[in-house]
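These notes are about the structure you will find just below.
Since the structure is predicted, the reported quantities are computational estimates derived from the model, not experimental observations. Computation of the quantities below employed the complete heavy-atom set of this structure, encompassing side-chain atoms and omitting hydrogens, waters and symmetry-equivalent molecules.
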Amino acid sequence: MSDRAGTFDGVHRRNLSKLLGLVHLEGPLSRARLTGATGLNRSTVAALVAELVELGLVEERAPDPTNRVGRPSPVIAPHPDVTAITVNPEVDAVTIAAVGLDGRIPMRERLEVDHLVSPEETARLVADILTAWRSGPLSRARIVAVGLAVPGLVRASDGLVRFAPHLEWVDAPLRTLVERATGLPVVVGNDASLGALAEHLFGAGRGVDDIVYLNGGASGIGGGLIVHGMPVGGAGGFAGEFGQNRPGIASRDDRRATGGVLEDEVSRARLLEVAGLAGADEPTLAAALAASDSPQVSAELARQRRILATALANAVNVLNPSLVVLGGFLATIAESDPDALAAAVAEQAMPAAAEDLSLRVAALGEDRLAIGAAELGFQALLEDPLSAAEDSAGAD
């Protein structure tokens, strides 16, 4: 779109992008709201909406009933058929979901595995599920892309998975494999970075411009950064690997892994062990820990909370965020005693850096990685609806 930037066509495409982005982020909006938000005149907004309707990207629908006097105007909403497929390969399961441009998640399937899946097996699983869904519940869906949230280092330039240690993937051409298996455009990102993006746009970090996000999953701890409202990936896209840091541990009795990094000490596997579970998804583990009256469970949660607090204080001192968001099993640790966690972070952080700090758990829960991966998948469509819609229509 850059070569058209100064032309009428470039302005037109940017305006289409602006309108589609607004209804995607804000939900159904009236034409009057769109006119006010864009600064465009009413006739221009009407023409742009008509074009987006013709492209099959939005629809006009009756508004929700209100108490306002008079006849309410129709609202413009993302078309419910516009969909991205999302994939999160992990050491214990591969979770595949369908996410609509309107934020709905009509389909989700967690495929539990008893072995480490390879990149090739991941691609086959995605293709098989997609084939089944296309002939059934997603028969009307307009699938624009596949977004993968991978627990590892993903090279931003081409989506190559450089290193996913817990999956034992090295230089895995995941994007190419899934593109060949599905025939769809594919984008790949680090799972925690995508979780940060989702929480920033739609969750606990909505409206906040400086965020540190830590994600706790089966493969350990990753993180994502939002600075001045923009995701920060670093030179190669590898920023945010908080789980590989080595926080100081004040009490020798708290250490479990000699010389270990954060994710060796603050560990989902250790929580599963004290809860007496061989495996579980996020809600099941959280419920089991919350319902337990075992002293071992309480002690392990407190131990992990102390170490997590030190790691968070270090991040606060370095990055000075206004918000820290915790997802996955880290949210479970935080919710076990939020006041104790906040106090421990404040005690170890510089007072000036922590005085306006908020700690929150991820508002999107187990949806956060799917929503983040879908956002990556929708990126081309949102940036240039005209070109992306033409490309997807040609593919269909």
Side-chain angles (χ1 to χ4, degrees), residues 90-93 110 112 151 166 192 195 199 203-204 212-223 242-316 323-349 354 357-366 368-369:
E90 265 289 6
V91 297
D92 58 350
R110 175 182 163 90
E112 296 193 359
H166 298 279
E199 289 292 332
V212 168
Y213 171 81
L214 268 69
N215 187 74
S219 289
I221 296 173
F242 292 100
Q244 294 302 308
N245 291 338
R246 288 176 169 80
I249 299 177
S251 171
R252 184 175 299 177
D253 291 339
D254 276 349
R255 186 173 291 282
R256 297 292 181 270
T258 302
V261 295
L262 176 63
E263 64 182 30
D264 295 323
E265 298 286 358
V266 179
S267 161
R268 180 176 179 270
R270 297 183 190 279
L271 293 176
L272 285 168
E273 182 179 356
V274 295
L277 297 171
D281 59 14
E282 287 178 12
T284 302
L285 175 58
L289 293 170
S292 175
D293 57 2
S294 164
Q296 287 80 13
V297 167
S298 298
E300 182 60 20
L301 284 168
R303 185 193 72 84
Q304 294 199 26
R305 189 168 55 244
R306 289 190 292 271
I307 299 171
L308 177 61
T310 300
L312 295 181
N314 290 338
V316 169
L323 175 65
V324 171
V325 179
L326 300 172
F329 77 85
L330 299 181
T332 301
I333 294 172
E335 290 180 313
S336 67
D337 194 337
D339 292 338
L341 179 64
V345 172
E347 181 181 358
Q348 298 175 77
L357 179 70
S358 294
L359 269 66
R360 301 176 191 167
V361 299
L364 301 175
E366 64 175 341
R368 67 197 182 282
L369 300 186

Under the salt bridge (Lys or Arg N to Asp or Glu O under 4.0 Å) test, residues paired with [X] that sit two or more places apart:
X: D92; result: R110, R268
X: D281; result: none
X: E300; result: R303

Next item on the list: Output the distance between atom CG (L277) and atom OG1 (T284), rounded to the nearest 0.5 Å.
Entry: 8.0 Å

Check: Does anything in residues 269-280 pair up under salt bridge (Lys or Arg N to Asp or Glu O under 4.0 Å), and if so which pairs, sequence neighbours excluded?
Finding: none

Checklist line | Ionic contact status for R368 with E199, cut-off 4.0 Å | finding: no

Next item on the list: Assess whether side chain to side chain contact (heavy atoms under 4.5 Å, CB included) is satisfied between L271 and L289, documenting all intermediate values.
Entry: CA-CA 8 Å; L271 293 176; L289 293 170; 4.2 Å; yes

N/O donor-acceptor pairs under 3.5 Å from side chains in residues 323-338, not counting sequence neighbours:
{"from": "S336", "atom 1": "OG", "to": "R305", "atom 2": "NH1", "distance (Å)": "2.8"}
{"from": "S336", "atom 1": "OG", "to": "I333", "atom 2": "O", "distance (Å)": "2.5"}
{"from": "D337", "atom 1": "OD1", "to": "A340", "atom 2": "N", "distance (Å)": "3.1"}

Shortest non-hydrogen separation from [X] to [Y] and the atoms involved:
X: A218; Y: V91; answer: CB-CG2, 3.6 Å
X: A315; Y: F242; answer: CB-CE2, 3.9 Å
X: A363; Y: A204; answer: CB-N, 3.5 Å
X: G260; Y: R246; answer: O-CG, 3.8 Å
X: S267; Y: Q304; answer: N-OE1, 3.0 Å
X: T310; Y: P247; answer: CG2-CB, 4.1 Å

Looking at side-chain heavy atoms only, is the closest gap between [X] and [Y] below 4.5 Å?
X: I307; Y: L262; answer: yes
X: L312; Y: L359; answer: yes
X: S294; Y: V274; answer: no
X: L272; Y: L285; answer: yes
X: D339; Y: L341; answer: no
X: D264; Y: V261; answer: yes

Notebook entry, point to check: Are the side chain of E265 and the backbone N or O of R256 linked by a donor-acceptor pair below 3.5 Å?
Noted result: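 Side chain of E265 to backbone of R256: a pair is present.
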
Margin query: Please enumerate all residues that pass side-chain contact (heavy atoms from CB on, under 4.5 Å) together with T258, with sequence neighbours excluded.
Written below: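 So T258 forms no side-chain contact (heavy atoms from CB on, under 4.5 Å) with any residue.
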
Next item on the list: Please determine, by modelled atom types, if E263 and Q244 share a side-chain donor-acceptor pair under 3.5 angstrom.
Entry: yes

